[in-house]
2 protein chains.
Amino acid sequence: MAAPDPPPAPQRRGRPRSVAADRAILAATRAALVEVGWSRLTMSEIALRAGVAKTTLYRRWAAKSELVVDAVAVLFDELELPDRGCLRADVEGVVISFAALLRRPETKTALMAVLAESTTDRALRARIREAIVDRQKRLVLDGRSRAQQRGELPPDPPDPAETARVVDLIFDVIAGAVVHRSLVSDCPVDETWARQFATLLLEGLGAASTSARPQSEQAQPDTF
Amino acid sequence: MAAPDPPPAPQRRGRPRSVAADRAILAATRAALVEVGWSRLTMSEIALRAGVAKTTLYRRWAAKSELVVDAVAVLFDELELPDRGCLRADVEGVVISFAALLRRPETKTALMAVLAESTTDRALRARIREAIVDRQKRLVLDGRSRAQQRGELPPDPPDPAETARVVDLIFDVIAGAVVHRSLVSDCPVDETWARQFATLLLEGLGAASTSARPQSEQAQPDTF
DNA sequence: CAAGTTACGCTACGGCTCGTAGCGGAATGA
DNA sequence: TCATTCCGCTACGAGCCGTAGCGTAACTTG
């Protein structure tokens, strides 16, 4: 991720780019984003905070949006999926921790900003996918294979393309629901919501529509 | 929706505001948004296209983002939920038509742009909720009560607050998944995906993980 | 060590958009 | 007719954009 425009010729000649400046710029970008928001985020402001000349920014990033993608991508790598013992608990856990990440001002502001720009910029879309989205699918893969080992989910179908479709679907449903709940509906993703969402995801609409709370772990699908 | 800043004293004295100008401005906003995208959308450009003085824009809308909210809100009212006979078909239908709406350039660009701005603007968040989000929950309410009449879903729980929670949850899951799939993952929402998503929503993770396609309507949850 | 190469900080610039102010005129109600 | 409100037009200071040019700093190669 760290390497912006010219994919690094690992050791070129001449003065190397300052990695300290890189770090300072990305940190300054996150900080400025928190305070002023996307639309009032200026390159001059970032350069000032980073203690760097404005020209240095333009030498490394062609557009504000690309800079912001790199500035935020690292935040998403914090997400982990510790084994909580059963599929339901794993789902609730990842929902809670993803929501916590989205609650941080720099995360949500930057994420939505670059997504907005990406609707009219194909290259930026690709960059977002590589730097942020695709890397989080590991969470789904982990949780899924764990659940399969426990016997909570059927094994992979013979066609690997089918497996990929299912993983993508699950990822879109989980990530989409959390993002929509917290950033669009603007409601908190608390434990109650996570529990209800996990019920819906595991057992479907019928189960989620009953007021009865599933008692502890007893309510796993009986198909397995 | 139509009335921007001063909530209309229905008949004041003096020259009334031109509703034709209102329409022209909102249409010009959508058109300009398609061509230049959010970040290069300028008030001068909108005014020029609408055949209106720039000052007129500022007399009615305080910020670009508020103007865009109003410009796009009407597009979402096109969504309908015709009775397709069963819950599964209704879900697939609304997913497809919502995705078609999001495929239109002015819709996706504007929606993501105002959402991005809203992360640092509480008033704008409220405006979005009123003008766009909350009005679409009617779709969930309709589909849900229909499914209840068909016996596909259990009746409402006694606590109305619980019902509201469930409706909100379903809305976030459906809308979030479609938005995430089409705008973040940048993949098409086609009939295959809609069918797979509906299976997941109706029957849960276990059913969606099998490669076997549910044959026609036979695969409804057997709890009802 | 010297030469060659690359990155850096600084300054300055034209071009553009922003949001506001002030004016004369147009459209309505009293 | 008069008061009121909106409109279109012009003009303006302010701020940011992205680039160019300069002298200097850091590092590689011979």
Side-chain angles (χ1 to χ4, degrees), chain A residues 2-29 32-33 35-68 70 113 117 120-121 123-124, chain B residues 2-26 28-29 32-33 35-68 113 117 120-121 123-124:
Chain A
D5 262 354
Q11 255 330 39
R12 318 180 51 161
R13 289 191 301 176
R15 177 174 175 173
R17 287 192 168 171
S18 159
V19 290
D22 255 334
R23 277 196 297 271
I25 291 172
L26 295 178
T29 303
L33 210 43
E35 291 187 18
V36 304
W38 164 258
S39 66
R40 266 157 303 188
L41 180 68
T42 69
M43 297 295 252
S44 317
E45 171 82 7
I46 296 175
L48 185 66
R49 285 175 188 248
V52 156
K54 192 175 60 163
T55 44
T56 300
L57 295 188
Y58 287 103
R59 288 192 188 106
R60 306 191 183 193
W61 287 276
K64 206 169 64 173
S65 47
E66 301 187 357
L67 168 57
V68 173
D70 290 350
E117 284 302 304
T120 52
D121 184 338
L124 184 59
Chain B
D5 263 355
Q11 256 329 41
R12 320 179 51 162
R13 288 190 303 175
R15 177 176 176 172
R17 286 193 169 173
S18 159
V19 291
D22 254 334
R23 276 195 299 269
I25 291 172
L26 295 178
T29 303
L33 210 43
E35 293 188 18
V36 303
W38 164 258
S39 65
R40 267 157 303 188
L41 181 68
T42 69
M43 297 297 251
S44 318
E45 171 82 8
I46 297 175
L48 185 65
R49 284 175 189 250
V52 155
K54 191 176 62 164
T55 43
T56 301
L57 295 188
Y58 287 104
R59 289 195 187 102
R60 306 191 182 193
W61 287 276
K64 206 169 64 172
S65 47
E66 300 186 359
L67 167 57
V68 172
E117 284 301 306
T120 51
D121 184 338
L124 184 60

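In what follows, chains carry the letters A, B, and so on, assigned in the order in which the sequence lines appear, proteins first and then strands, with residues in each chain numbered from 1. Computed from a predicted model, the values in this text were never measured in an experiment.
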Gap between atoms CZ and P, on A:R59 and D:dA20 respectively (whole Å): 11 Å

Check: B:I46 main-chain N/O paired with B:K54 side-chain donor or acceptor under 3.5 Å: no

Rounded interatomic separation in angstrom, taking CG from B:L67 and P from C:dC18: 11 Å

Under-4.0 Å side-chain N/O to phosphate OP1/OP2 contact, A:T56 with C:dG9: yes

Distance below 4.0 Å between B:T42 side-chain N/O and C:dC16 OP1 or OP2: no

Atom-to-atom span, CE of B:M43 to P of C:dT20 - whole angstrom: 10 Å

Minimum-distance nucleotide to A:R17 side chain [options: D:dC27, C:dA7, C:dC18]: C:dA7

Nearest-angstrom distance from the residue atom CD1 of A:I25 to P of C:dA7: 13 Å

Sugar-phosphate, base or nothing in reach of B:T55, heavy atoms under 4.0 Å: base

Atom pair CH2 (B:W38) and CD (A:E117), whose distance is rounded to the nearest 0.5 Å: 9.5 Å

Rounded interatomic separation in angstrom, taking CZ from B:R40 and P from D:dC17: 14 Å

Point-to-point distance, once rounded to the nearest 0.5 Å, from CD of A:E66 to CG of A:D121: 7.0 Å

Heavy-atom donor-acceptor pair, B:T29 side chain to B:I25 backbone, under 3.5 Å: yes

Separation of atom CD1 in A:I46 from atom C1' in D:dG18, rounded to whole Å: 14 Å

Comparing B:L41 and A:K54 on DNA chain C - which has the more 5′ nearest nucleotide: A:K54

Nucleotide of C:dC18, C:dG9, C:dT5 approaching A:R13 most closely (side-chain heavy atoms): C:dT5

Nearest atoms (heavy-atom pairs only) where B:T56 meets B:V52: CB-CG1, 3.5 Å

Value in whole Å for how far the P atom of C:dC18 lies from NZ of B:K64: 6 Å

D:dA25 base / A:R15 side chain donor-acceptor hit below 3.5 Å: yes

Whole angstrom value for the distance that separates C1' of C:dC10 from CG of A:L57: 14 Å

